[in-house]
Amino acid sequence: MSLRPLTAQERSAALAKAAAARTTRAEVKSKLKTGAATVAEVLSAGDGDDAIGRLKITELLEALPGIGKVRSTVIMNEVGIAPTRRLRGLGIHQRKALIDFLGQGS
């Protein structure tokens, strides 16, 4: 099934929407890095904001101070989250386990 071609106006609207979503996700990661936001706050914000909900969990963890690629992989394995999972794809138990794990580790 092929998609219909987009008009120039539809394409520019889609590009603007994508840029706004990337900006929103970058702001969230910056707030995590500086400590202005917690993981629990970002998880709850992801329920209401579609752009935040599409943030990958690995990117969320790597935005935290002191956590890189290796440590984020270890955390996700410990908690039982798939490496490709996004924020809005987490279940209630995975959210709680991630918050509890990060609370104990801090």
Side-chain angles (χ1 to χ4, degrees):
M1 179 177 155
S2 67
L3 300 173
R4 69 174 178 82
L6 297 176
T7 64
Q9 187 178 22
E10 290 172 331
R11 182 175 290 118
S12 66
L15 287 171
K17 183 179 177 184
R22 283 191 301 273
T23 303
T24 302
R25 287 191 293 272
E27 288 172 357
V28 166
K29 290 191 282 186
S30 174
K31 286 180 182 177
L32 282 169
K33 190 169 286 296
T34 61
T38 64
V39 173
E41 292 171 352
V42 173
L43 287 173
S44 63
D47 293 336
D49 190 345
D50 200 35
I52 297 173
R54 291 184 182 186
L55 179 67
K56 287 188 175 184
I57 300 299
T58 54
E59 292 180 22
L60 172 91
L61 291 173
E62 290 170 16
L64 294 170
I67 297 180
K69 291 184 183 295
V70 173
R71 189 148 183 234
S72 73
T73 303
V74 169
I75 291 170
M76 290 180 67
N77 287 337
E78 288 285 326
V79 176
I81 299 174
T84 57
R85 184 69 63 195
R86 295 184 185 269
L87 215 73
R88 69 176 173 197
L90 288 181
I92 296 168
H93 299 293
Q94 287 177 321
R95 288 174 185 241
K96 183 172 176 7
L98 182 63
I99 291 168
D100 289 345
F101 187 88
L102 292 173
Q104 293 172 359
S106 297

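Summarising the geometry of R25 relative to R54, their closest heavy-atom pair is NH1-CB, 4.1 Å, with the distance given to 0.1 Å. Residue L87 comes nearest to R95 through the heavy atom pair O-NH2, 3.6 Å, listed as atom of the first residue, atom of the second, then distance. Of all non-hydrogen atoms in A37 and L32, the two that sit nearest each other are O-CD2, 3.6 Å. Looking at every heavy atom in both residues, A97 comes nearest to V79 through CB-CG1, 3.6 Å. I52 approaches A45 most closely through the heavy-atom pair CD1-CB, 4.1 Å.
Considering D49, D47, D50 as possible partners of R88, the one that fulfils the side chain to side chain donor-acceptor pair (under 3.5 Å) test is D50. Under the salt bridge (charged side-chain N to carboxylate O under 4.0 Å, His left out) test applied with E59, the options R22, K69, K29, R85 reduce to a single match, K29.
Looking only at distances, a side-chain donor or acceptor of T34 sits under 3.5 Å from a matching main-chain atom of S30. Judged by distance alone, with hydrogens and angles left aside, the side-chain atoms of E27 form no donor-acceptor pair with the main-chain N or O of T24 at under 3.5 Å. The backbone N or O of I67 lies less than 3.5 Å from no partner atom in the side chain of E62, so there is not a single donor-acceptor pair.
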Output, in order, the C-alpha distance, side-chain angles, deciding distance and verdict of side-chain contact (heavy atoms from CB on, under 4.5 Å) for I75 and L98. CA-CA 8 Å; I75 291 170; L98 182 63; 4.0 Å; yes

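Residues L102 and L61 are in side-chain contact: their nearest non-hydrogen atoms beyond the backbone lie under 4.5 Å apart. For the pair R71 and M76, the minimum side-chain heavy-atom distance is 4.5 Å or more. Under the 4.5 Å side-chain criterion, counting only non-hydrogen atoms from C-beta, T38 is not in contact with L43.
Residue L15 qualifies as enclosed at atom CG: its count of foreign heavy atoms under 6.0 Å is above 12.
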